[in-house]
S.K.: 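Please find one structure pasted underneath; my questions will follow.
Within every chain, numbering begins at 1; the chains are lettered A, B, ... in the order of the sequence lines, protein sequences first and strands thereafter.
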Amino acid sequence: MQVPTSAPQDLAELESRAQAIAGFSLGELAALASIAIPADFKRHKGWTGQLIETWLGATAGSKPQQDFPELGVELKTLPINQYGQPLETTYVCYAPLKLPPLSSWETSNVKNKLQCVLWVPVEGERQIPVAERRIATPFLWQPSPAQEAMLKQDWEELTELIALGQVESVTARHGEVMQLRPKAASGQVLTDALDAQGNRIQTRPRGFYLRKQFTGFILESHFAR
DNA sequence: CGTTGATCATGC
DNA sequence: GCATGATCAACG
């Protein structure tokens with residue numbers, strides 16, 4: 001097995017590459033790709049995602065686009081426990097805080113990002129050394145009408161609060177399947193937003209995250225089929 | 001003990 | 001500063 005040197009040409013090739021790494025440990029994949037393995041993720045939080053990107057032939061580096069633009073596919077690795085349940089929430093994208101919110105769900109970043117996702121579940125329990133964690137079964141997913149309705153509802157609720165200048169009062173408890181949380185290099189990072197009177201204020205950048213229960217439901221639905 | 005809020009690395 | 005990849009760890 002070798003690291004691909006080009007992007008997958010179609011969905012079939014992407015799926016085939018994804019299936020090929022199923023069952024391998026992160027250590028094996030790193031060794032085959034000549035990539036150093038971190039002892040832990042304290043300072044390497046994005047390492048697994050980048051390793052998977054390498055093996056699937058995603059364009060290196062971070063781009064403000066989908067991982068496979070030609071295929072319209074977004075790649076998400078998902079740490080799971082021994083029962084196949086997600087251990088962490090899933091980051092979707094930044095939330096615009098300076099809204100002339102003529103924005104709609106249909107044109108939102110969230111909907112665009114989640115139109116088609118290649119989920120790659122990976123063993124993530126801390127007791128398992130990083131190198132020994134294995135890739136589970138990757139699969140392509142598109143939101144069902146019901147799932148999209150849930151996402152849309154949360155997006156509209158959260159976006160409305162932002163539009164009303166209530167950003168500061170939104171907590172991660174809002175939203176049934178998707179939440180809004182700080183997303184920055186530190187708590188010192190600030191960005192512009194608006195208060196209820198429309199005055200410019202400074203606040204921590206926020207991102208949209210999928211709750212574990214929701215991604216767990218996606219996994220369950222897929223493997224129950 | 002699960003979740004929220006904070007944090008780490010990197011590129012442009 | 002924003003966007004990518006996420007996990008860490010304090011707290012309720």
Side-chain angles (χ1 to χ4, degrees), chain A residues 7 18 26 29-30 33 35-69 73-83 85-99 108-110 112-114 117-131 133 135-136 138 154 158 161-162 167-193 200-216:
Chain A
L26 299 184
L29 294 178
I35 295 173
I37 306 162
D40 58 53
F41 289 153
K42 283 187 176 64
R43 294 183 168 275
H44 302 272
K45 298 182 180 181
W47 185 83
T48 305
Q50 287 165 8
L51 178 66
I52 305 299
E53 283 180 0
T54 298
W55 275 100
L56 297 182
T59 318
S62 51
K63 287 188 168 181
Q65 292 272 328
Q66 287 154 321
D67 297 286
F68 303 98
V73 173
E74 178 75 13
L75 171 66
K76 291 290 181 194
T77 64
L78 187 61
I80 55 171
N81 65 16
Q82 59 181 316
Y83 306 110
Q85 298 161 335
L87 290 167
E88 296 286 350
T89 55
T90 300
Y91 171 68
V92 180
C93 62
Y94 265 91
L97 302 183
K98 297 181 284 285
L99 290 169
S108 69
N109 269 319
V110 173
N112 179 56
K113 278 288 172 66
L114 298 181
V117 176
L118 176 64
W119 293 103
V120 182
V122 180
E123 289 179 334
E125 286 174 313
R126 293 207 198 183
Q127 63 197 47
I128 309 175
V130 171
R133 298 181 191 178
I135 312 285
D154 285 345
L158 295 167
L161 287 169
I162 293 170
V167 192
E168 298 280 37
S169 65
V170 176
T171 75
R173 294 170 188 80
H174 289 81
E176 288 194 27
V177 301
M178 188 169 66
Q179 56 186 174
L180 196 68
R181 307 217 309 272
K183 169 67 171 172
S186 88
Q188 312 306 309
V189 175
L190 296 175
T191 190
D192 287 348
R200 191 162 53 85
I201 59 170
Q202 296 244 290
T203 189
R204 303 190 310 294
R206 308 299 211 279
F208 288 109
Y209 293 80
L210 302 180
R211 291 186 181 280
K212 289 190 287 185
Q213 183 181 330
F214 184 64
T215 50

S.K.: Go nucleotide by nucleotide along DNA chain C from the 5' end; which of A:Arg173 and A:Asp67 gets its closest nucleotide reached first?
M.R.: A:Asp67
S.K.: Could you write out each protein N or O paired with an N or O of nucleotides 7-11 of chain C at a distance under 3.5 Å?
M.R.:
from	atom 1	to	atom 2	distance (Å)
C:dT7	O2	A:Lys45	NZ	2.9
C:dC8	OP2	A:Arg126	NE	3.1
C:dC8	OP2	A:Arg126	NH2	3.2
C:dC8	O4'	A:Lys45	NZ	3.3
C:dC8	N4	A:Glu88	OE1	3.3

S.K.: Choosing from B:dT3, B:dG5, C:dA3, which nucleotide comes nearest the side chain of A:Tyr94?
M.R.: C:dA3
S.K.: Apply salt bridge (charged side-chain N to carboxylate O under 4.0 Å, His left out) to A:Glu125 and list each qualifying residue two or more places apart in sequence or on a separate chain.
M.R.: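 With neighbours one apart ignored, the set is empty.
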S.K.: What salt bridge (Lys or Arg N to Asp or Glu O under 4.0 Å) pairs are there with at least one residue in residues 38-51 of chain A, not counting sequence neighbours?
M.R.: none
S.K.: Return each pair, listed once, that meets side chain to side chain donor-acceptor pair (under 3.5 Å) where at least one residue sits in residues 170-179 of chain A; pairs must be two or more places apart or across chains.
M.R.: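 Side chain to side chain donor-acceptor pair (under 3.5 Å) check on residues 170-179 of chain A returns A:Gln179-A:Arg181.
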S.K.: Can you list the residues that meet the salt bridge (charged side-chain N to carboxylate O under 4.0 Å, His left out) rule with A:Lys76, with sequence neighbours excluded?
M.R.: A:Glu74
S.K.: Just jot down the side-chain contact (heavy atoms from CB on, under 4.5 Å) partners of A:Gln213, sequence neighbours excluded, or say none.
M.R.: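 Scan of A:Gln213 (side-chain contact (heavy atoms from CB on, under 4.5 Å), adjacent residues dropped) gives none.
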S.K.: Angle, rounded to 10°, between the helical axes spanning five pairs at each terminus of the helix from B:dC1-C:dG12 to B:dC12-C:dG1?
M.R.: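 It works out to 30° between the end axes.
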S.K.: Could you tell me whether the phosphate oxygens of B:dT4, OP1 or OP2, come under 4.0 Å of any side-chain nitrogen or oxygen in A:Gln179?
M.R.: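 Answer yes for this pair, as a side-chain N or O of A:Gln179 is under 4.0 Å from OP1 or OP2.
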S.K.: Would you indicate, yes or no, if B:dT3 has its OP1 or OP2 atom less than 4.0 angstrom from a side-chain nitrogen or oxygen of A:Arg211?
M.R.: no
S.K.: Is a donor-acceptor contact shorter than 3.5 angstrom present between the side chain of A:Lys76 and the base of C:dG5?
M.R.: no
S.K.: Could you tell me which residues satisfy ring-ring contact (aromatic ring centres under 6.0 Å, His included) with A:Tyr209, sequence neighbours excluded, listed by chain and number?
M.R.: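 By the ring-ring contact (aromatic ring centres under 6.0 Å, His included) rule, A:Tyr209 matches A:Tyr91.
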S.K.: In chain order, what residues pass the salt bridge (charged side-chain N to carboxylate O under 4.0 Å, His left out) check against A:Asp192, with sequence neighbours excluded?
M.R.: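 Testing A:Asp192 for salt bridge (charged side-chain N to carboxylate O under 4.0 Å, His left out), a comparison that skips the adjacent residues, returns A:Arg200.
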